[in-house]
Amino acid sequence: MNKLLDCKEFTKESLMELLELASKIKANPENYTEELKNKVIAVMFFEPSTRTRMSFEAAIQRLGGKMIVTENGKDNSSAKKGETLEDTIRVLDKYADAIVMRHSSDTAAIDADRVSRVPIINAGSGKSEHPTQALLDVFTILNRRGSLDGTKLAILGDLKYGRTTHSLLQLISLFDNVEVYGLSKKEFMLPQEYIDFLSSKGIKYTICNSFEELPRDIDALYHTRIQSERFEGDFGKEEYIIDKKVLDTFTDKAMVLHPLPRMNEIATDVDDDPRAMYFTQVENGMYVRMAILKSILVDNK
Ligand code: NCD
């Protein structure tokens, strides 16, 4: 890998290779402490973040790298003065060996890559993509299920503006016999372009209107927050809430995933259930990001 702009660039083979590296790093992180020695990574966030930014920062430090950070780029960088993203990138690529960036524009990573002479790593671009999140999501499903082929996945919440779901669909579509079910308020239904994309990969997408309509033997319930910062108006709170009672209508294998932060989508009475995987996702995120950084900055293949 020589950059990470979106999930379209993965094949099943390249994805599995990266996930295997993440597994090796997770098993023996002490073997990788010198990988980024003498490397400087720019971490540039123009939108709020807790997990993605701090797990990237932890990943860089655990690999022995150094970093320069703009954690509130919208207000604290020259973007506030009107500098274009492209010019900011042309500055940072003189200081750093790679740029990890999050931005509100759907095309931010592609625009940055066009002018950057160092690798761009997309840490979230508008409503379009969040590849590093999707990678840790599939890593978590794989670790729990043993395989991604045949996954029965339900996506819930904000399917319209949620970039994590959009990226996840790209990755899961690389596998065989996958089924995808959608459950959301009508304002937040999955846009047709993604349904068409799934269909082009031979994956049936079933729109559901209640938890009862989802198959009982679902493998993963992937919930997401309504992305209220991405639209005007107020469409209220999430109506499809996973609590212990709802979860107990599914089998023991139904893992509950969420990129976090959660609002009301998952009740806290689910947190201690062995099927709750959202804090495992958080943990996996750091190892997956270590694998991404090593793959781009060291292995570069
Ligand atoms: C997600 C994001 O930024 O898209 N957060 C994250 O990176 N884990 C999801 C969200 O903000 O709802």
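Atoms within each ligand, like the ligands themselves, are counted from 1 in listed order. Numbers here simply count residues along the sequence, with the first being 1.
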Worksheet entry | Gly285 touching ligand 1 at heavy-atom level, < 4.0 angstrom |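 False for this residue.
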
Worksheet entry | Closest non-hydrogen atom pair, Leu169 against Val180 |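 The answer is CD2-CG1, 4.0 Å.
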
Worksheet entry | Element-labelled atoms of ligand 1 that are located less than 4.0 Å from some non-hydrogen atom of Thr52 |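 Listed by number with element, the hits are 6 (C), 7 (O).
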
Item to complete: Report, in ascending order of atom number, the atoms of ligand 1 lying under 4.0 Å from any heavy atom of Pro261.
Response: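 It comes down to these atoms of ligand 1: 10 (C), 11 (O).
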
Does [X] have more than 12 heavy atoms from other residues, nucleotides or ligands lying within 6.0 Å of its [atom1]?
X: Lys24; atom1: NZ; result: no
X: Lys253; atom1: NZ; result: yes
X: Lys12; atom1: NZ; result: yes

Discussion item. With nothing but distance in play, are any N or O atoms of Thr164 less than 3.5 Å from an N or O of ligand 1?
Written reply: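 Not met; the criterion fails.
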
Worksheet entry | Any N/O pair Glu229/ligand 1 closer than 3.5 Å |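 No.
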
Worksheet item: Among protein heavy atoms, which lies nearest atom 10 (C) of ligand 1, and at what distance?
Response: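 Protein heavy atom at minimum distance: Arg225 NH2, 3.4 Å.
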
Worksheet item: Closest non-hydrogen protein atom to atom 4 (O) of ligand 1, residue and atom name please, with distance?
Response: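 Of every protein heavy atom, Arg163 NE, 2.8 Å lies nearest to atom 4 (O) of ligand 1.
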
Item to complete: Describe, in one word, how the ring planes of Tyr194 and His166 are oriented to each other, choosing from parallel (under 30°), tilted (30 to 60°) and perpendicular (over 60°).
Response: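 Aromatic pair Tyr194/His166 classed parallel.
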
Practice prompt. Could you tell me how the ring of Phe188 sits relative to the ring of Phe235: parallel (under 30°), tilted (30 to 60°) or perpendicular (over 60°)?
Written response: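 Ring orientation of Phe188 relative to Phe235: perpendicular.
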
Worksheet item: How does Glu47 reach ligand 1, if at all, at less than 4.0 Å between non-hydrogen atoms: by side chain, backbone, both, or neither?
Response: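 No part of Glu47 comes within reach of ligand 1.
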
Worksheet item: To which of Thr132, Ile226, Val282, Leu260 does the heavy atom nearest atom 6 (C) of ligand 1 belong?
Response: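 The option holding the nearest heavy atom is Leu260.
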
Worksheet item: Centre of Phe250's six-membered ring, under 6.0 Å away, within 45 degrees of the axis: is that where NZ or CZ of Arg216 sits?
Response: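 Yes, a cation-pi geometry holds between Arg216 and Phe250.
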
